[in-house]
Amino acid sequence: MSQGRPTEATEQEWAPPGIDTSVPHSARMYDWWIGGKDNFAADRAMGAMFEQVIPGMRMMARENRNFMERAVRHLATQAGIRQFLDIGTGLPTSPNVHEIAQGINPDTNVVYVDSDPIVLVHARALLVSGEHGRTSYIDADVREPEKILTDTDLLATLDLDRPVGLLMIATLMLVADEDDPWNKARALMDALPSGSYVAITHPGQDFNPEALAAATAAATQGGMTLVPRTRADVARFFADWELVEPGVVPVMTWRPDGDPPADPNAAYYWAGIARKP
């Protein structure tokens with residue numbers, strides 16, 4: 001048998017139980033865009049459809065991940081956060097949140113949350129706890145804040161009486177308006193104490209309405225939910241928390257490493273971090 005990627009005919013054979021490889025999934029599409037190998041034909045086909053209407057999609061996926069790394073570094077160093085809750089973590093790609101945070105302070109604890117069986121398999125194998133800090137994984141969805149907050153692994157890993165860094169990176173776009181993503185996000189935020197932070201990225205309808213409408217149509221055709229939102233709608237997720245400078249801005253311009261980007265609007269994501277008073 002070939003040692004390369006499984007063919008489309010054999011993909012279902014090596015997929016974990018409970019996963020339909022004929023249905024695309026956002027975590028595996030993202031994995032394909034950033035050069036990963038844990039994706040299936042349906043994910044690659046849908047990812048290619050996105051690239052047809054948004055040619056810079058791979059760059060945007062990388063910029064989104066770059067923001068995550070900057071956000072974790074900022075929270076671990078400048079804000080002194082020693083606990084992270086990462087909602088919609090996706091497939092493990094180094095450096096992960098716990099690698100960044102525990103590299104700054106080894107005693108940092110991290111809980112990852114995702115609902116894809118592929119992510120579950122890899123997370124349990126790769127997201128091991130460090131010598132001091134603890135890392136755990138919850139199989140749940142951002143639409144289920146109560147399930148997340150009452151999970152025994154979360155309660156054993158995080159102390160919800162101490163500040164937490166909540167990450168919702170390219171996650172809330174997967175919740176339709178009728179499911180009230182603002183309420184789902186607020187339920188998670190309300191459970192955290194004063195001094196906690198939330199970091200969010202979200203595709204922005206404002207950047208290129210025509211291209212994002214085409215991407216949304218492609219996602220709908222493939223049975224996926226994708227809801228780009230305006231800057232004003234993204235800003236609503238931060239509620240009454242105190243925005244960290246520079247506020248809700250294009251993802252490439254949130255405290256970039258090195259020189260400012262030549263085209264700050266090249267990646268169609270809004271990004272921001274806020275602190276709970």
Side-chain angles (χ1 to χ4, degrees), residues 1-66 68 86-97 99 112-128 137-144 167-176 179 201-203 211-228 267-269:
M1 179 179 291
S2 168
Q3 297 301 307
R5 182 195 299 279
T7 66
E8 185 172 355
T10 62
E11 284 181 331
Q12 188 66 56
E13 298 175 12
W14 67 271
I19 184 170
D20 183 355
T21 62
S22 68
V23 178
H25 190 283
S26 58
R28 301 191 301 268
M29 289 166 57
Y30 189 91
D31 175 72
W32 182 66
W33 284 329
I34 62 174
K37 297 180 179 179
D38 296 299
N39 47 76
F40 303 109
D43 308 310
R44 298 188 287 274
M46 181 59 68
M49 289 179 66
F50 272 55
E51 286 190 275
Q52 287 178 3
V53 297
I54 306 179
M57 195 66 243
R58 289 177 185 260
M59 174 275 293
M60 295 181 197
R62 289 193 297 271
E63 289 295 341
N64 196 58
R65 186 163 189 87
N66 289 343
M68 180 278 289
D86 184 10
I87 309 290
T89 183
L91 285 150
T93 303
S94 188
N96 296 295
V97 171
E99 292 172 323
Y112 293 98
V113 180
D114 208 292
S115 59
D116 182 10
I118 289 281
V119 176
L120 174 63
V121 169
H122 283 273
R124 288 178 172 166
L126 299 177
L127 303 182
V128 295
Y137 176 88
I138 298 173
D139 182 21
D141 189 279
V142 69
R143 298 173 184 83
E144 308 168 300
L167 308 178
M168 291 187 284
I169 307 298
T171 298
L172 295 164
M173 65 186 187
L174 304 174
V175 185
D179 292 327
T201 67
H202 198 297
L212 286 163
T216 301
T220 301
Q221 180 182 342
M224 293 177 55
T225 298
L226 172 66
V227 187
Y268 304 158
Y269 281 89

Pick out which of Asn96, Leu167, Val113, Ile138 makes a side-chain contact (heavy atoms from CB on, under 4.5 Å) with Asp86. Leu167

Reported [atom1]-to-[atom2] distance for the pair [X] and [Y], which is rounded to 0.5 angstrom:
X: His25; Y: Asp31; atom1: NE2; atom2: CG; result: 12.0 Å
X: Arg143; Y: Thr225; atom1: CZ; atom2: OG1; result: 6.0 Å
X: Gln221; Y: Met46; atom1: CD; atom2: CE; result: 6.5 Å

Sequence neighbours left out, what passes side chain to side chain donor-acceptor pair (under 3.5 Å) with Thr201? Give chain and number order.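 In terms of side chain to side chain donor-acceptor pair (under 3.5 Å), with neighbours along the sequence ignored, Thr201 is linked to Asn64.
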
Taking salt bridge (Lys or Arg N to Asp or Glu O under 4.0 Å) as the definition, give me every residue that meets it alongside Asp43, ordered by chain and number, with sequence neighbours left out. Arg28

Would you name the heavy atoms of Ser22 and Ala42 that are closest together and state the gap between them? O-CB, 3.4 Å

Can you name the closest pair of heavy atoms from Pro24 and Met29 and give their distance?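 Closest approach of Pro24 to Met29, heavy atoms only: CB-SD, 4.4 Å.
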
Is there a side-chain contact between [X] and [Y], using heavy atoms and a 4.5 Å cut-off?
X: Val23; Y: Phe40; answer: no
X: Arg65; Y: Tyr30; answer: yes
X: Val142; Y: Leu174; answer: no
X: Met60; Y: Trp33; answer: no

I'd like to check the side-chain contact (heavy atoms from CB on, under 4.5 Å) partners of [X]; sequence neighbours left out, ordered by chain and number.
X: Ala217; value: none
X: Arg62; value: Ile34, Arg58, Met59
X: Ala215; value: Phe50, Val53, Ile54, Leu226

For Tyr269, enumerate each residue passing the ring-ring contact (aromatic ring centres under 6.0 Å, His included) test, keeping only those at least two apart in sequence or located in another chain. none

Would you confirm whether Thr89, through its side chain, and Tyr112, through its main-chain N or O, come within 3.5 Å as a donor-acceptor pair?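 No; zero donor-acceptor contacts below 3.5 Å.
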
